[in-house]
2 protein chains.
Amino acid sequence: MFELTPIIYVVDDDASVCKSLKRLITSMDFHVETFISAQEFLRFDRSDRPCCLILDIRMPGISGLALQEELTVANCTIPIIFITGHGDISMSVRAMKKGAVDFLTKPYDDQDLLDAIHKAIEQDISTRQEQSEISEIQKRVDSLTSRECEVFALVVTGMLNKQIAYTFKISEKTVKVHRARAMQKMHAKSLAHLVRMADKVGIEK
Amino acid sequence: MFELTPIIYVVDDDASVCKSLKRLITSMDFHVETFISAQEFLRFDRSDRPCCLILDIRMPGISGLALQEELTVANCTIPIIFITGHGDISMSVRAMKKGAVDFLTKPYDDQDLLDAIHKAIEQDISTRQEQSEISEIQKRVDSLTSRECEVFALVVTGMLNKQIAYTFKISEKTVKVHRARAMQKMHAKSLAHLVRMADKVGIEK
DNA sequence: CAAAAGATTGGACTAAAGTCTTATCTTTGT
DNA sequence: ACAAAGATAAGACTTTAGTCCAATCTTTTG
């Protein structure tokens, strides 16, 4: 599913830095796409494949930290590796608290960067895997009618059909119908499977 | 269960820093215990209540980062807030990667420290809650006989009694006996509950 | 308005799981 | 050696859940 070559996005206002990073990273089995501003990166239509972001902190326009913040609120989970020439501790701590994979200072060791890239890509792959599983399950939940969903929600709490029936003031017969439909639509192989899917997406209502 | 007043451990080789931190933190509703070396802290018999650790990076003997490492391998999850006068970015990043709650540089803002303490205590409370739940469940798993545990493991995969019976080459009757015992010993109110407990502790064998 | 979708329920079973009781046969610790 | 613990299993039911088939009744929507 994600067998594509990972792509590394580099955002640095210094074109020569972009160029040398591109050379270094391409020598591994990665694709590289460089941008000289956060704005340019945001405009870019990122394809759906494993990736990570190498980001300069200090840039005219949107700074690295600001871009990180922007991506966070946009629900984008792309792993970020910061690189900076003139950072301070407070910056690095802020970046790490917000989930950055690493924060390197120039001059950095090439191996440290490559290690960080590998870690970031691994993280991205597993995050994507997780997200795609969740969205698949959510799609199934969305296909349930409201009643089916209500019954589903109580079934996974461990309630008996008769208890669910009493709760909704309907017959046990009807509960069985909704329950069977829910099992079908959720593609649940067993009750255990249904429970795990419910916990994964967090059934509310 | 954890309604006790949280205790803040302060480890700093500068006794005057310990003293002023103690004054500041005591003014909140926290107890404080100070140590002038990592060794002294390690010898201290910590009581079982919400706590966190405020740690100086640079200390003679065991450094702050070394103590963090030591606690990690000892499986101690006490949240750590680092304070340093002469730290660098690399140190702060290493500390944050290993899960530090915050990394403050002197002179720091008192409010920042208090915020970090609150966050650390919250984290400790929820970690303890989680750990005590898990160990309670693990205790129940440990009370299962080996056969009960094997049957339990397959039950929570969603297998039918007859399938489990075939797997172990025993009768469905016997599976029912082990299954019923497992439900009892695990205090499972339902299959859904059993599945969740299994996932929480991660049934291996 | 008419068709489609959804909610409801009954009948008639089948299958799966749980509840008792009773009873071997081993293994294990003292 | 002997009691205790654990694994095995059968008989006899009861309770739950699942399966088809059929049939209202309401709401939504083209």
Side-chain angles (χ1 to χ4, degrees), chain A residues 136-205, chain B residues 136-205:
Chain A
E136 170 59 31
I137 294 170
Q138 189 57 55
K139 219 170 67 191
R140 295 177 195 168
V141 172
D142 293 343
S143 79
L144 298 178
T145 66
S146 59
R147 202 48 143 176
E148 282 160 5
C149 197
E150 289 173 331
V151 170
F152 169 42
L154 295 198
V155 165
V156 298
T157 68
M159 279 172 77
L160 300 180
N161 286 344
K162 61 162 63 170
Q163 296 173 312
I164 298 171
Y166 181 78
T167 302
F168 293 137
K169 307 296 178 203
I170 58 180
S171 81
E172 190 180 334
K173 202 72 218 186
T174 309
V175 172
K176 286 187 182 183
V177 173
H178 293 312
R179 179 177 185 147
R181 278 246 160 67
M183 289 288 284
Q184 268 185 19
K185 290 184 177 178
M186 294 300 297
H187 302 161
K189 301 187 304 294
S190 63
L191 178 58
H193 186 200
L194 192 74
V195 168
R196 292 197 174 93
M197 287 193 282
D199 287 356
K200 208 153 210 171
V201 300
I203 297 305
E204 308 307 303
K205 209 224 73 79
Chain B
E136 170 59 30
I137 295 170
Q138 189 57 54
K139 218 169 67 190
R140 295 175 195 170
V141 171
D142 293 343
S143 79
L144 298 178
T145 66
S146 60
R147 202 48 145 178
E148 282 161 4
C149 196
E150 288 173 331
V151 170
F152 169 42
L154 295 197
V155 165
V156 298
T157 68
M159 279 172 77
L160 300 179
N161 286 344
K162 59 163 65 171
Q163 296 175 313
I164 298 170
Y166 181 79
T167 302
F168 294 136
K169 307 296 178 203
I170 58 180
S171 82
E172 191 181 335
K173 205 73 218 184
T174 309
V175 172
K176 286 188 184 183
V177 173
H178 293 310
R179 179 176 185 148
R181 276 243 162 67
M183 288 289 284
Q184 267 186 19
K185 290 184 177 179
M186 294 300 296
H187 303 161
K189 299 187 306 292
S190 63
L191 178 58
H193 186 198
L194 191 74
V195 169
R196 291 196 174 94
M197 287 193 282
D199 286 356
K200 209 152 209 173
V201 300
I203 296 304
E204 307 307 301
K205 188 225 87 64

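In this text, all values refer to a predicted model and were calculated from it rather than measured experimentally. Just so it is clear: chains get the letters A, B, ... in the order the sequence lines come, proteins before strands, and each one is counted from 1. Every heavy atom of this structure was used, including side-chain atoms; hydrogens, water molecules and symmetry mates were not.
In this structure, CD1 of A/I164 is placed 14 Å from P of C/dT9, rounded to the nearest angstrom. Rounded to whole Å, the distance from CZ on B/R181 to P on C/dA17 is 19 Å. Spacing between atom CZ of A/F168 and atom P of C/dG6 amounts to 18 Å, rounded to whole angstrom units. Atom CZ of A/R179 and atom P of C/dA7 are 17 Å apart (whole Å). Residue B/L191 contributes atom CG, which lies 12 Å from atom C1' of C/dA16 at whole-angstrom precision. Distance B/F152 CZ to C/dA17 P: 16 Å, rounded to the nearest Å. Regarding A/L160, its CG atom lies at a distance of 15 Å from the C1' atom of D/dG18, rounded to whole Å. Rounded to whole angstrom, the span from the CD atom of A/Q163 across to the P atom of D/dT15 amounts to 15 Å.
B/S146 has a side-chain polar atom (N or O) that falls below the 4.0 Å cut-off from OP1 or OP2 of D/dA7. Phosphate contact (OP1/OP2 of C/dA5, side-chain N/O of A/T145, threshold under 4.0 Å): absent.
Considering only heavy atoms from C-beta on, A/M186 comes within 4.5 Å of A/L144 through its side chain. Residues A/T157 and B/K189 have side chains not in contact (no heavy-atom distance under 4.5 Å, counting atoms from C-beta outward). Annotation: side chain of B/H178 is not in contact with side chain of B/N161 (no heavy-atom distance under 4.5 Å). Counting heavy atoms from C-beta outward, A/E172 and A/I164 have side chains that stay 4.5 Å or more apart.
Of the candidates C/dA16, D/dA7, D/dA9, the closest approach to any side-chain atom of B/I170 belongs to D/dA9. Closest approach to the B/V177 side chain among C/dA17, D/dG18, D/dT8 is made by D/dT8 (side chain taken as heavy atoms from C-beta onward). Among C/dA16, D/dA17, D/dT8, the nucleotide with an atom closest to any side-chain atom of B/H178 is D/dT8. Here the side chain of B/K173 is nearest to one of D/dG18, C/dT8, C/dT19, namely C/dT19. With distances taken from any side-chain atom of B/K176 to the nucleotides C/dT9, D/dA9, C/dA17, the minimum falls on C/dA17. Here D/dA9 is the nucleotide among D/dA7, D/dA17, D/dA9 with the atom lying nearest to any side-chain atom of B/T174.
Considering A/L194, A/T174, A/V155 in turn, A/V155 is the only one that fulfils the side chain to side chain contact (heavy atoms under 4.5 Å, CB included) rule with A/R179.
Residues A/R147 and B/N161 each lie close to DNA chain C; by heavy-atom proximity, the contact nearer the 5' end of the strand is made by A/R147. Residue B/S143 is the one, among B/S143 and B/K169, whose nearest nucleotide of DNA chain D lies closer to the 5' end (criterion: closest heavy atom). Mapping A/E172 and B/K162 onto DNA chain C by nearest heavy atom places A/E172 closer to the 5' end of the strand.
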